[in-house]
Amino acid sequence: MTPTPIILDCDPGHDDAIAILLAVASPELDLRAVTTVSGNQTLDKTTNNALRVLELAGRTDIPVYAGADAPFVRQRDVAAHVHGESGLDGPDLPRPSESPQAEHAVEFLAELYRGAEKPVLVATGPLTNVGLLFATHADPRPERIVLMGGAIGEGNRTPAAEFNIWADPEAAQRVFAEGLDTTMIGLDVTHRALIKDEHTERMRGAGRVGKIVAELMDFYARFHKRRYTDLDGSPMHDPVCIAHLLDPTLMAVRDAFIEVDCTTGPSWGRTNVDWRGREHCGAPNAKVGLDIDGPRFAELIVERISSLG
Ligand code: RIB
Ligand code: CA
């Protein structure tokens, strides 16, 4: 079986970090590069975190390219209340021995997607880099995008909007309007993709990487246990994108037309999802995640993270 090449555009962030580890733990995938964007924390911190996580996994061969440090239009707003000042609070992860590549992430992506091979573009942060790629280069495009963002129902950053889309709604609208093969994995799915304390304890005893992941979960769970008392665990938003590539039977999807609210009102950043062909809505421009087999997802996370030793 030839591994599927992927690029991970992310804003590590605890769940982004676990998505990186899940990708490198999975022989079905070939993580060609990581590109970083400001989101959970500022770009310098998300880039530093991507480097640290790859070094933890012994994969400093995977290059990191830094991208945008601010949204298209909106004021940058980080999520320190969830991920801490470093963006990866909890474990004591050493400073990285590697540096990011000199080339800007968007130029790297443009050059990459001019080529014949088109790695799947997985985006787990605000879509600023992807939107910039589409806005600044007419031709280079991935053939497939799998993104964590949005929601059919309730948001998280606001009642209306999920953080990745809320942080840069103009970029997100640019991405959905492109009409590429795009899968949107929103909160309706990721709030059922839960890692419970029992999963964390299994990883803690599984080895060096598992212990660090458990310490990441210890910190990440604090916020969720406080605000999401109705969830029986911590939502693993970003790793769902990787799990979906590993096992498409985990998550149900449905074609829909998605339009992002780019106003400045209380619903800014909302992904309005239409699958009924309503007037003033367009043809389907994405596959939207509907539900996930939570227990099977959690087992996949524990199994693969534990395999890293
Ligand atoms: O709303 C959840 C998303 O926002 C996740 O990608 C998390 O890492 C943050 O970026
Ligand atoms: Ca993220």
Side-chain angles (χ1 to χ4, degrees), residues 7-23 34-43 45-50 53 64 67-71 74 76-84 86-90 105 121-131 145-169 171-172 175 183-195 213 216-217 219-224 227-228 231 233-244 260 268-271 289 292 301:
I7 300 294
L8 180 52
D9 185 71
C10 57
D11 62 335
H14 290 65
D15 54 331
D16 303 77
I18 296 171
I20 292 171
L21 293 171
L22 179 59
V34 171
T35 55
T36 54
V37 65
S38 75
N40 285 320
Q41 261 298 350
T42 53
L43 179 69
K45 295 179 179 179
T46 60
T47 304
N48 182 56
N49 292 336
V53 171
V64 174
D69 194 11
R74 313 281 162 153
R76 183 180 66 199
D77 183 26
V78 299
H81 60 298
V82 181
H83 302 276
S86 74
L88 216 49
D89 281 18
L121 181 53
V122 180
T124 63
L127 292 164
T128 315
N129 287 341
V130 186
I145 299 171
V146 178
L147 67 91
M148 192 280 140
I152 303 164
E154 181 187 3
N156 58 2
R157 180 62 183 74
T158 68
E162 177 280 325
F163 176 79
N164 286 339
I165 310 300
W166 176 90
D168 198 338
V175 172
T183 300
M184 179 185 106
I185 299 177
L187 297 175
D188 322 276
V189 168
T190 64
H191 277 183
R192 296 176 188 160
L194 304 173
I195 290 294
V213 169
L216 286 171
M217 289 307 302
F219 184 89
Y220 183 68
R222 291 162 44 263
F223 167 78
H224 291 92
R227 177 165 297 175
Y228 288 92
L231 295 186
S234 297
M236 279 289 99
H237 305 288
D238 300 334
V240 175
C241 293
I242 304 298
H244 178 57
V260 178
W268 129 29
R270 174 163 182 68
T271 47
I292 190 167
I301 295 286

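Order of appearance sets the numbers: ligands from 1, and atoms from 1 within every ligand. The figures that follow rest on heavy atoms only: side chains count, while hydrogens, waters and symmetry mates do not.
- For Arg74, the side chain to side chain contact (heavy atoms under 4.5 Å, CB included) partners at least two apart in sequence or on another chain are Pro71, Pro169, Glu170, Cys262, Thr264, Trp268.
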If you look only at distance, which donor and acceptor atoms sit under 3.5 Å apart when one is on a side chain in residues 147-157 and the other is two or more places apart or in another chain?
residue: Asn156; atom: OD1; partner: Phe163; partner atom: N; Å: 2.9
residue: Arg157; atom: NE; partner: Asp77; partner atom: OD2; Å: 3.4
residue: Arg157; atom: NH2; partner: Asp77; partner atom: OD2; Å: 2.6

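- You'll find the side chain of Ile18 stays beyond 4.5 Å of the side chain of Asp238, heavy atoms only.
- Side-chain contact, Thr128 with Asp168: a donor N or O sits under 3.5 Å from an acceptor N or O.
- In this model, a donor atom of one side chain and an acceptor atom of the other lie less than 3.5 Å apart for Ser86 and Asp89.
- His83 and Asn40 form a side-chain donor-acceptor contact under 3.5 Å, judged by distance and modelled atom types alone.
- Ring geometry for Phe219 versus His14: interplanar angle under 30°, hence parallel rather than tilted (30 to 60°).
- Only protein N, O or S atoms were scored, and 5 of them lie under 3.0 Å from the Ca ion (ligand 2).
- Within 4.0 Å of ligand 1, the residues that place a heavy atom are Asp11, Asp15, Asp16, Asn40, Thr124, Met148, Asn156, Glu162, Phe163, Asn164, His237, Asp238, listed by chain and number.
- Side-chain contact check for Asp16 and Thr124: at least one donor-acceptor pair (N or O, by modelled atom type) lies under 3.5 Å.
- The distance from atom NE2 of His191 to atom CE of Met236, rounded to the nearest 0.5 Å, is 11.0 Å.
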